[in-house]
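Each remark here refers to the structure printed beneath this line.
So you know, we letter chains A, B, ... as the sequences are listed, proteins then strands, and number each from 1.
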2 protein chains.
Amino acid sequence: MARPPKENAPITEHLAYLLAQANREINRQLELRLSKEGVPVEQWRILKVLSDGEGHSMGELAEAVLLNHPTLTKMIDRMVSDTLVYRVQDPNDRRKVLMFISDRGKALCKKLNSLAVDQEEHILESYGDKSTSELKRLLESLIDSSN
Amino acid sequence: MARPPKENAPITEHLAYLLAQANREINRQLELRLSKEGVPVEQWRILKVLSDGEGHSMGELAEAVLLNHPTLTKMIDRMVSDTLVYRVQDPNDRRKVLMFISDRGKALCKKLNSLAVDQEEHILESYGDKSTSELKRLLESLIDSSN
DNA sequence: CTTCAATTGTTGAATATTCAATATTTTCAA
DNA sequence: TTGAAAATATTGAATATTCAACAATTGAAG
């Protein structure tokens with residue numbers, strides 16, 4: 001029967017710490033690959049979400065790409081300058097802004113996807129198929145149970 | 001046999017994204033608890049690492065608490081002002097600074113530990129003993145395989 | 001209808017983080 | 001022993017993030 005860590009347990013026994021550590025490491029590797037195109041991880045996420053071709057509101061996007069609103073606004077400003085995405089006011093609710101991906105954005109996203117898949121292949125090799133899919137399953141379930 | 005996500009797979013199938021999402025969620029919960037004492041998660045980590053009573057160099061600490069050097073230096077500055085920790089020059093290598101936890105820091109750390117254990121108990125309840133320990137095992141192993 | 005609260009997104013100031021440069025000390029090869 | 005390279009920590013400027021306040025629009029109760 002599992003117990004929570006004792007009060008004086010080392011920090012490495014805490015789930016919060018293990019998640020932070022793993023996230024940092026994997027993120028660093030991904031960052032390294034994406035830097036080949038000079039794009040931060042968050043922008044790849046944005047492009048990926050928008051690449052369904054649908055319009056997504058800022059709130060929806062912020063949730064999906066794990067950024068809070070003001071940070072997203074400013075990152076989108078940059079991406080608009082780079083003509084990777086564009087804004088359209090939602091005709092059904094004029095408080096909202098719908099974000100779309102441009103052709104240039106789609107082209108870039110394609111390259112980034114390939115770099116990201118490279119990384120996952122690398123993880124599969126060193127970490128193993130079984131562990132990877134089991135870890136993904138457990139993470140999904142943890143996220144579910146936290147809502 | 002597991003495959004990496006396809007190029008056009010949704011972002012939610014990427015390990016990097018699932019880790020980021022889980023980390024964000026768990027971290028947010030922990031943050032919420034620790035905010036009762038007005039302490040950011042990183043400071044709890046620092047106090048916890050130092051609470052072995054040994055002196056730890058800045059580089060060692062930075063590695064352990066997942067912060068890069070300049071960020072750590074500035075956070076330590078604040079904690080020194082709050083008299084939670086103090087600096088001592090390493091007599092064996094005068095390039096190094098050894099960090100120690102103060103009595104006040106120990107007292108605070110104790111309260112924080114209890115809040116953190118509360119959280120893990122809460123996770124155990126909603127997520128399950130089995131899943132939690134299996135997830136920890138897989139995360140440790142992922143971290144290992146990334147070095 | 002009208003008004004007031006809630007929702008959505010942006011802005012500006014305050015804060016925090018990062019990058020590059022620096023200072024100090026140690027290591028080590030010549 | 002000396003001088004150059006490496007290791008360690010800090011600093012300051014540039015950048016990014018966050019918080020609180022704001023503006024615009026919608027929803028909904030009276």
Side-chain angles (χ1 to χ4, degrees), chain A residues 20-21 23-25 27-32 34-35 38-46 49-50 54-82 84-100, chain B residues 20-21 23-25 27-32 34-35 38-46 49-50 54-82 84-100:
Chain A
Q21 198 181 359
N23 178 52
R24 185 183 161 89
E25 188 53 44
N27 204 58
R28 176 155 34 205
Q29 290 173 17
L30 181 56
E31 211 165 44
L32 196 65
L34 298 190
S35 72
V39 176
V41 175
E42 291 78 13
Q43 288 198 14
W44 171 60
R45 291 198 198 126
I46 292 170
V49 169
L50 295 186
E54 308 289 321
H56 294 263
S57 74
M58 292 296 280
E60 203 185 325
L61 247 191
E63 185 65 23
V65 305
L66 315 176
L67 292 176
N68 49 22
H69 290 217
T71 306
L72 178 63
T73 292
K74 285 155 192 173
M75 183 160 287
I76 288 287
D77 286 347
R78 275 167 255 154
M79 296 175 77
V80 168
S81 299
D82 296 343
L84 297 171
V85 300
Y86 57 95
R87 292 177 161 99
V88 176
Q89 194 172 57
D90 186 337
N92 296 116
D93 182 341
R94 279 163 27 212
R95 289 170 301 183
K96 293 187 183 172
V97 169
L98 297 180
M99 297 303 313
F100 290 90
Chain B
Q21 199 181 359
N23 178 50
R24 184 182 162 90
E25 186 54 44
N27 205 57
R28 175 153 38 204
Q29 289 173 17
L30 181 57
E31 211 165 44
L32 195 66
L34 299 190
S35 71
V39 175
V41 175
E42 290 79 12
Q43 289 197 15
W44 170 60
R45 290 198 198 126
I46 292 170
V49 169
L50 295 186
E54 308 290 320
H56 294 263
S57 75
M58 291 297 279
E60 203 185 324
L61 247 192
E63 185 64 24
V65 304
L66 315 176
L67 291 176
N68 48 22
H69 288 218
T71 306
L72 178 64
T73 291
K74 285 156 192 172
M75 183 161 286
I76 288 286
D77 286 348
R78 276 167 254 153
M79 295 176 76
V80 168
S81 299
D82 295 343
L84 297 171
V85 299
Y86 56 94
R87 292 177 162 98
V88 175
Q89 194 172 58
D90 185 338
N92 296 115
D93 183 341
R94 281 166 23 216
R95 290 170 302 183
K96 292 187 185 175
V97 169
L98 297 180
M99 298 303 313
F100 289 90

Worksheet item: Any salt bridge between R28(B) and E31(B), counting N to O under 4.0 Å?
Response: no

Fill in: Gap between atoms CD and P, on Q89(B) and dT10(D) respectively (whole Å)
11 Å

Fill in: Whole-Å distance separating the CE atom of M75(B) from the C1' atom of dT11(D)
17 Å

Fill in: Nearest heavy atoms of Q89(A) and K96(A), plus distance in Å
CG-O, 3.7 Å

Worksheet item: Within a reach of under 6.0 Å around CD of Q29(B), are more than 12 heavy atoms found that belong to other residues, nucleotides or ligands?
Response: yes

Worksheet item: Between D90(B) and H56(A), which is nearer to the 5' end of DNA chain C once each is assigned its nearest nucleotide?
Response: H56(A)

Discussion item. Minimum heavy-atom separation for V39(A) and W44(A), please, with both atom names.
Written reply: CG1-N, 4.0 Å

Practice prompt. Give me the first and last nucleotide of DNA chain C, going 5' to 3', that has any atom under 4.0 Å from a heavy atom of chain B.
Written response: dT17(C) to dT26(C)

Discussion item. Using whole Å, what does the distance between atom C1' of nucleotide dT10(D) and atom CG of L67(B) come to?
Written reply: 16 Å

Would you list the atom pairs, donor with acceptor, under 3.5 Å between side chains in residues 67-76 of chain B and any protein atom, with sequence neighbours excluded?
{"residue": "N68(B)", "atom": "OD1", "partner": "T71(B)", "partner atom": "OG1", "Å": "2.7"}
{"residue": "T73(B)", "atom": "OG1", "partner": "H69(B)", "partner atom": "O", "Å": "3.3"}

Practice prompt. Could you check T71(A) against K74(B) and say which one's nearest nucleotide on DNA chain D is further toward the 5' end?
Written response: K74(B)

Fill in: Pair listing, salt bridge (Lys or Arg N to Asp or Glu O under 4.0 Å) test, anchored in residues 85-94 of chain A, at least two apart
D77(A)-R87(A), D93(A)-R95(A)

Item to complete: Report, as a single string ordered 5' to 3', how protein heavy atoms within less than 4.0 Å touch nucleotides 3-8 of chain D: B base, S sugar-phosphate only, - not at all.
Response: ----BS

Discussion item. Between D77(A) and N92(B), which residue's closest nucleotide on DNA chain C lies nearer the 5′ terminus?
Written reply: D77(A)

Discussion item. Checking E60(A) now: which residues fulfil side chain to side chain contact (heavy atoms under 4.5 Å, CB included) with it, not counting sequence neighbours?
Written reply: H56(A), S57(A)

Discussion item. What is the distance, to the nearest angstrom, from the CG atom on N68(A) to the C1' atom on dA21(D)?
Written reply: 16 Å

Worksheet item: What residues, two or more places apart in sequence or in another chain, satisfy side chain to side chain contact (heavy atoms under 4.5 Å, CB included) together with R45(B)?
Response: I11(A), Y17(A), A20(A), N27(B), V41(B), E42(B), V65(B), L66(B)

